[in-house]
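Written out below as structure tokens is the structure these notes cover.
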2 protein chains.
Amino acid sequence: MAIPRAAKTQRRTRIQEEKEEIILEAALDVFSVNGFRGTTIDQIAEVAGMSKPNLLYYFRTKEAMHRALIDRVLFTWLEPLRAFDANGNPESEIRSYIRRKLEMARDFPRESRLFANEMLQGAPHVEDELRGPLKALVDEKAEVIRAWATAGKITKCDPYHLIFSIWSTTQHYADFDVQVRAVLGQEHAGEGRFEDAARYLEQLFVDGLRIRHN
Amino acid sequence: MAIPRAAKTQRRTRIQEEKEEIILEAALDVFSVNGFRGTTIDQIAEVAGMSKPNLLYYFRTKEAMHRALIDRVLFTWLEPLRAFDANGNPESEIRSYIRRKLEMARDFPRESRLFANEMLQGAPHVEDELRGPLKALVDEKAEVIRAWATAGKITKCDPYHLIFSIWSTTQHYADFDVQVRAVLGQEHAGEGRFEDAARYLEQLFVDGLRIRHN
DNA sequence: AGATAATTTGACCGATTGGTAAACATTACA
DNA sequence: TGTAATGTTTACCAATCGGTCAAATTATCT
């Protein structure tokens with residue numbers, strides 16, 4: 001008798017951990033490109049190299065796979081913002097936040113696209129997380145930025161829209177990668193484009209905010 | 001005998017124009033949210049308020065609907081960039097480009113999401129347009145910006161990444177609308193958010209580029 | 001009005017969808 | 001080694017998919 005997903009044993013088998021890893025990896029491949037509705041379990045099964053019923057042994061529904069994937073990715077995705085330090089130097093904090101976000105766009109483009117897909121569809125599966133934990137985190141960091149502005153360390157500006165602009169400019173290089181490559185052309189579309197982007201964005205944000213260079 | 005899509009008559013009927021309009025409007029609703037793969041003809045038919053075979057009388061395949069929709073939207077979508085004037089004042093040109101793009105994000109969010117969906121999927125239906133006409137247009141405008149920089153009217157910066165950053169920051173308010181609303185919360189998520197965004201972005205880009213105020 | 005062309009629909013097709021049942025194979029553990 | 005739990009697969013299901021067809025309806029033109 002098969003009891004999937006550690007219902008009886010509490011502890012997860014070695015095989016369970018390995019297979020769930022493989023499945024989520026494959027699911028990330030497919031969901032990030034085709035979105036939830038556009039993804040079929042068969043596609044994921046093929047990428048994962050296992051049969052469809054075998055997938056459904058580990059995750060009972062397509063929703064369960066998507067849910068598990070979102071949950072896992074959401075935490076790491078917010079890491080850079082969590083690392084944003086109130087006690088740090090404004091210029092270096094913003095610089096390194098941009099750098100980290102850009103590295104994530106380069107190294108984890110599928111994760112970025114997974115979220116983008118979810119947002120485009122109106123976030124039917126994660127709206128609660130947005131209104132709850134995400135808003136709370138952004139509120140906290142926005143307050144830090146506002147304090148910097150009040151203290152005259154930074155130009156006065158709307159901290160929420162500042163955060164939005166950092167999110168959008170950096171994630172653009174993951175979500176719109178095809179367009180970026182197409183427009184830059186063969187010669188400038190190499191991996192150097194991330195360094196070019198980093199240089200440009202740091203210039204834009206730091207000078208744009210008139211951050212005091214100590 | 002039914003001859004769809006003006007094969008014989010050359011001229012399009014009044015009914016043809018009306019119905020094709022209704023269909024594309026409905027298709028925009030659905031494609032922009034669910035992407036190509038995630039959209040079904042039945043969904044479009046229901047939104048359009050007509051039977052599925054009736055849709056297929058005007059557009060023979062789902063691809064044909066999507067194609068027609070992309071073609072129509074692509075032109076208007078690039079309007080703001082086309083209006084970018086080499087002879088204008090750098091500051092006002094960039095300001096009004098941002099303003100126009102932000103207005104489009106506010107007034108035509110579905111069009112923005114349609115493209116975003118297409119990009120996330122790797123642009124399987126429009127890659128040629130990206131490498132061709134779009135790249136050509138961007139190359140031309142990038143040259144204008146570079147000339148401004150050379151003339152000292154503007155801070156030296158990578159013109160391509162400047163354009164990317166204007167695209168991403170403005171379209172963010174259409175594509176990630178749910179997230180923006182969720183983070184801003186009930187009180188700041190009203191329509192005023194576009195004016196706040198406009199104010200912030202103009203400040204960011206204009207001061208960031210150290211444009212000379214004549 | 002009558003004829004002809006344009007439009008609309010219900011019934012239907014084979015393929016694909018998410019998911020299930022049960023037989024079979026493998027593993028872990030006594 | 002034996003056996004019970006875990007893991008895997010084949011065959012299958014009803015629902016939905018993109019699309020066709022022929023018949024019925026409506027608009028157009030003389």
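Letters go in sequence order (proteins before strands), and every chain restarts at 1.
- Between A:Gln16 and D:dT6 there is no side-chain N or O to OP1 or OP2 distance below 4.0 Å.
- A:Arg60 has its CZ atom 9 Å from the P atom of C:dT20, to the nearest Å.
- In this model, the phosphate group of C:dT8 is approached by a side-chain N or O of B:Lys19 to a distance below 4.0 Å at OP1 or OP2.
- D:dC17 atom P lies 16 Å from atom CD of B:Glu63, rounded to whole Å.
- Atom-to-atom, NZ of B:Lys62 to C1' of D:dT20 comes out at 17 Å; the value is rounded to the nearest Å.
- Residues forming a side-chain hydrogen bond (donor to acceptor under 3.5 Å, both in side chains) with A:Asp177 (at least two apart in sequence, or on another chain): A:Arg181, A:Arg193.
- Atoms CG and CZ, from B:Leu55 and B:Arg60 in turn, are 14.5 Å apart once rounded to the nearest 0.5 Å.
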Can you give me the N/O atom pairs linking the protein to nucleotides 26-29 of chain D at distances under 3.5 Å, or say none if there are none?
residue	atom	partner	partner atom	Å
D:dT28	OP1	B:Arg14	NH2	3.2

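- At the phosphate of C:dT7, neither OP1 nor OP2 sits under 4.0 Å from any side-chain N or O atom of B:Asn54.
- Not counting sequence neighbours, the partners of B:Glu79 by the salt bridge (charged side-chain N to carboxylate O under 4.0 Å, His left out) test are B:Arg82.
- Sorted by residue number, the members of residues 29-51 of chain A with any non-hydrogen atom under 4.0 Å from DNA chain D read A:Arg37, A:Ser51.
- Distance from the side chain of B:Lys52 is smallest to D:dG18 among C:dG18, D:dT20, D:dG18.
- Between the side chains of A:Thr39 and A:Asn34, not a single donor N or O lies within less than 3.5 Å of an accepting N or O.
- Pairs passing the salt bridge (Lys or Arg N to Asp or Glu O under 4.0 Å) check and including a residue from residues 35-50 of chain A, sequence neighbours excluded, read A:Asp42-A:Lys52.
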Can you check ring pair (Phe, Tyr, Trp, His ring centres under 6.0 Å) on A:His188 and B:Tyr160, steps first, answer last?
CA-CA 10 Å; A:His188 298 101; B:Tyr160 290 93; 7.0 Å; no
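- Ranking D:dC21, C:dT20, C:dT7 by closeness to the B:Pro53 side chain, first place goes to D:dC21.
- In this structure, the CG atom of B:Leu56 is 14 Å from the C1' atom of C:dT7, given to the nearest Å.
- Using a 4.5 Å heavy-atom threshold, the side chains of A:Glu20 and A:Phe59 count as touching.
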Go through the steps for A:Glu111 and A:Lys101 under the test salt bridge (charged side-chain N to carboxylate O under 4.0 Å, His left out), then give the verdict.
CA-CA 12 Å; A:Glu111 284 80 352; A:Lys101 286 289 291 176; over 6 Å; no
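- Rounded to an integer number of Å, the gap from CG of A:Leu55 to C1' of C:dT20 is 15 Å.
- Checked against ring-ring contact (aromatic ring centres under 6.0 Å, His included), B:Tyr97 has the following partners two or more places apart in sequence or in another chain: B:Phe84.
- Between A:Tyr57 and C:dG19 there is no side-chain N or O to OP1 or OP2 distance below 4.0 Å.
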